[in-house]
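Encoded as structure tokens, the structure appears first; notes follow it.
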Amino acid sequence: MNSFFYYNPTKLVFGKDSLDEVKDLIDNKHKKVLLHYGGGSIKKSGLYDKVTGILKGKELEIVELPGVESNPKLSLVKKGIEICRENEITFILAVGGGSVIDSAKTIAAGVLYDGDIWDCFTGKGSFNEALPVGVVLTIPASGSEMSSSAVVTNEDGKFKMSIEHDCLRPEFAILNPEITLTLPNKQTFAGIIDMISHVLERYFTQTIDVDLTDKLCEATLKTIMNNAYKLKEDPMDYDARAEIMLSGTIAHNGILGLGRQEDWGTHRIGHELTALYGTTHGVTLAIIFPAWMKYVYKENISRFVQFAENVFGVLKAGKNSEQVALEGIKEFENFIRDMNMPTSLPEYKLPTDDFELIAQKCTKGSYVGRFKKLYKKDVINILKLAK
Ligand code: NZQ
Ligand code: ZN
């Protein structure tokens, strides 16, 4: 196990009545709050009225910034920074999913950053402070409600990039599984693939002697998959929604990666697909993860054997290690298909002639991933396996 430093101050409030806690969680020193949200879903569900009611009850002045699109855009972030500065806003409440939260986090860092916040995405600049952000989560997927990162798309050049700092971890996150009952199936299952991917990016490691986090990863994966099947049967199953919602947070709050080297190659390739084609984040991972697995499993077959046995219950008897490893990958692909998600580019009608460009943008003359370092040619080979 590697040495590590872990810090996570996010207060989690979970359950049916958790929204009421917002009134106590926002410190009384704040007088004005930026209420940040996406399209129509929170108005349709009635959540908007409940949240604004609570904020007004606290006599907070509300400045609204709606309109966050999936895969949040830099232009709206810049508008948010201006609004916060002009109105001397000291607190941001994000009501939505990963896109709203990431937009809020970037605004929070941008308000206090003297310069163009995009420079911090490209490595030209750095930041170490941000306004406090609170979250009312509406879709379990990104894990952004307790994570230290934010992912934003710069429309000018189609770059989807991330920033990371502990100061981006939200001050609190409200998780009420009831709020997720209104999710369309496609969003539910794209979110499920995303949270599974967050576990896998950590599970597939070359670090040895990481038994505890291995077991935590395996338990999280099995919990997500079991409850995903329950939601396929009955999307209104509150208990399954609750398991999925908690799993999404656990998958990406950093605990599962403690003491081990993480990979993240699949996410990097996926981000380029989103940047080019606007593809939903979870869909890109459904397509790329199986291809990545087929390309890298020989780098550490025993880890893939462990995945097959402990997550899918693949039996070893009469098979060699390679057969067991490949059976595990097949089982994972079957799960993705069971969730009505694609496992190849053509299945989702995505082009297959931009591989050079995707690989170039993704590796930037270097490499991505750590389980196996992926250089440009490797990324192209993975994309070919997803054809
Ligand atoms: O905009 P509205 O109308 O609210 O609709 C949203 C949106 O269309 C809808 N939705 C959300 N909650 C709903 C609902 N519809 C009905 N009922 C509800 N309760 O769902 C759609 C998707 O929302 P979005 O926020 O885009 O989804 P998600 O949470 O999957 O976030 C995706 C973004 O998170 C980033 C991704 O790259 C992507 O940009 N990620 C952020 C991470 C982080 N900061 O740690 C890590 C992840 O790997 C990921 O990269
Ligand atoms: Zn993700």
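Whatever order the structure lists ligands and atoms in, that order sets their numbers, starting from 1.
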Checklist entry - For Ser144 and Lys105, does a side-chain donor sit closer than 3.5 Å to a side-chain acceptor? => result yes

Checklist entry - Given Ile193, Leu168, Leu183, Val95, which has its nearest heavy atom closest to atom 10 (N) of ligand 1? => result Leu183

Checklist entry - So Asp116 and Lys78, salt bridge (charged side-chain N to carboxylate O under 4.0 Å, His left out) or not? Walk me through it. => result CA-CA 9 Å; Asp116 182 350; Lys78 290 195 168 169; 3.4 Å; yes

Item to check | Nearest candidate to atom 30 (O) of ligand 1, where distance is taken over non-hydrogen atoms, out of Ala275, Ala141, Ser148 | outcome: Ala141

Checklist entry - At a 4.0 Å threshold, what atoms of ligand 1 neighbour a non-hydrogen atom of Ser149? => result 43 (C), 44 (N), 45 (O)

Checklist entry - Side chains of Glu299 and Gln206: donor-acceptor distance under 3.5 Å anywhere? => result no

Item to check | Protein contact to atom 6 (C) of ligand 1 [nearest heavy atom, distance to 0.1 Å] | outcome: Ser41 OG, 4.5 Å

Item to check | Atoms in ligand 1 flagged as close to Asn71, the criterion being non-hydrogen separation under 4.0 Å | outcome: 38 (C), 39 (O)

Item to check | Stepwise side-chain hydrogen bond (donor to acceptor under 3.5 Å, both in side chains) check, Thr10 with Glu145 | outcome: CA-CA 8 Å; Thr10 308; Glu145 64 277 8; over 6 Å; no

Item to check | Heteroatom distance test (Lys105, ligand 1): nitrogen or oxygen, under 3.5 angstrom | outcome: no

Item to check | Residue pair Ser247 / Glu243, side-chain donor-acceptor N/O under 3.5 Å | outcome: no

Item to check | Positive for ring pair (Phe, Tyr, Trp, His ring centres under 6.0 Å) with Trp292, one of Phe332, Trp264, Phe371, Tyr297 | outcome: Phe371

Next on the checklist: Among residues at least two apart in sequence or on other chains, which ones pass salt bridge (Lys or Arg N to Asp or Glu O under 4.0 Å) with Glu333?
Outcome noted: Lys294, Lys330, Arg337

Next on the checklist: Whether Lys11 engages the ring of Phe172 as a cation-pi pair (distance to the six-membered ring centre under 6.0 angstrom, angle to the ring normal within 45°) should be assessed.
Outcome noted: no

Item to check | Sub-4.0 Å atoms of ligand 1 with respect to non-hydrogen atoms of Thr182 | outcome: 16 (C), 17 (N), 18 (C), 19 (N)

Item to check | Between Asp354 and Tyr277: side-chain donor-acceptor atoms closer than 3.5 Å | outcome: yes

Item to check | Metal site the Zn ion (ligand 2): N/O/S of His252 inside 2.8 Å | outcome: no

Checklist entry - How far is atom 25 (O) of ligand 1 from its nearest protein heavy atom, and which residue and atom name does that atom have? => result Ser99 N, 3.0 Å

Item to check | Cation-pi check, Arg303 onto Tyr203 ring (under 6.0 Å, within 45° of axis) | outcome: yes

Item to check | Numbered atoms of ligand 1 (with element) below 4.0 Å of Gly97, judged on heavy atoms | outcome: 25 (O), 29 (O)

Item to check | Metal-centred angle, NE2 of His198 through the Zn ion (ligand 2) to OD1 of Asp194, rounded to 10 degrees | outcome: 80°

Item to check | With His281, the side chain to side chain donor-acceptor pair (under 3.5 Å) member among Asn71, Thr274, Asp194 | outcome: Asp194

Item to check | Heteroatom proximity flag, Gly40 to ligand 1, N/O under 3.5 Å | outcome: yes

Checklist entry - Charged N to carboxylate O below 4.0 Å: is that the case for Glu356 and Lys376? => result yes

Next on the checklist: Is the contact between Asp102 and ligand 1 made by the side chain, the backbone, both, or neither, using heavy atoms and a 4.0 Å cut-off?
Outcome noted: side chain

Checklist entry - Among protein heavy atoms, which sits nearest to atom 28 (P) of ligand 1, and what does the distance come to when rounded to 0.1 Å? => result Gly98 N, 3.6 Å

Checklist entry - Of Pro72, Ser147, Ser70, Ser142, which has the heavy atom at the shortest distance from atom 34 (O) of ligand 1? => result Ser142

Item to check | His267: numbered ligand 1 atoms lying under 4.0 Å from its heavy atoms | outcome: 48 (O)

Item to check | Protein residue, atom and distance nearest to atom 1 (O) of ligand 1, heavy-atom basis | outcome: Gly39 N, 2.7 Å

Item to check | Distance-only donor-acceptor check, side chains Thr213 and Arg260, under 3.5 Å | outcome: yes

Item to check | Side-chain donor-acceptor contact under 3.5 Å, Ser18 with Glu21 | outcome: no

Item to check | Protein heavy-atom partner closest to atom 37 (O) of ligand 1 - residue, atom, separation in Å | outcome: Lys160 NZ, 2.7 Å

Item to check | atom 46 (C) of ligand 1: any protein heavy atom closer than 4.0 Å | outcome: yes

Next on the checklist: Within the 4.0 Å heavy-atom shell around Gly38, which atoms of ligand 1 are there?
Outcome noted: 1 (O)

Item to check | Which residue and heavy atom of the protein sit nearest atom 48 (O) of ligand 1, plus the separation | outcome: His198 NE2, 2.7 Å

Item to check | Numbered atoms of ligand 1 (with element) below 4.0 Å of His271, judged on heavy atoms | outcome: 37 (O), 50 (O)

Checklist entry - Just which atoms of ligand 1 are under 4.0 Å from any heavy atom in Thr138? => result 11 (C), 12 (N), 13 (C), 18 (C), 19 (N)

Checklist entry - Can you check whether Val100 has an N/O within less than 3.5 Å of an N/O in ligand 1? => result no

Next on the checklist: Minimum distance, heavy atoms only, to atom 50 (O) of ligand 1: which one of Glu69, His252, His281 is it?
Outcome noted: His281

Item to check | Any donor-acceptor N or O pair under 3.5 Å, side chains Lys222, Asn310 | outcome: no

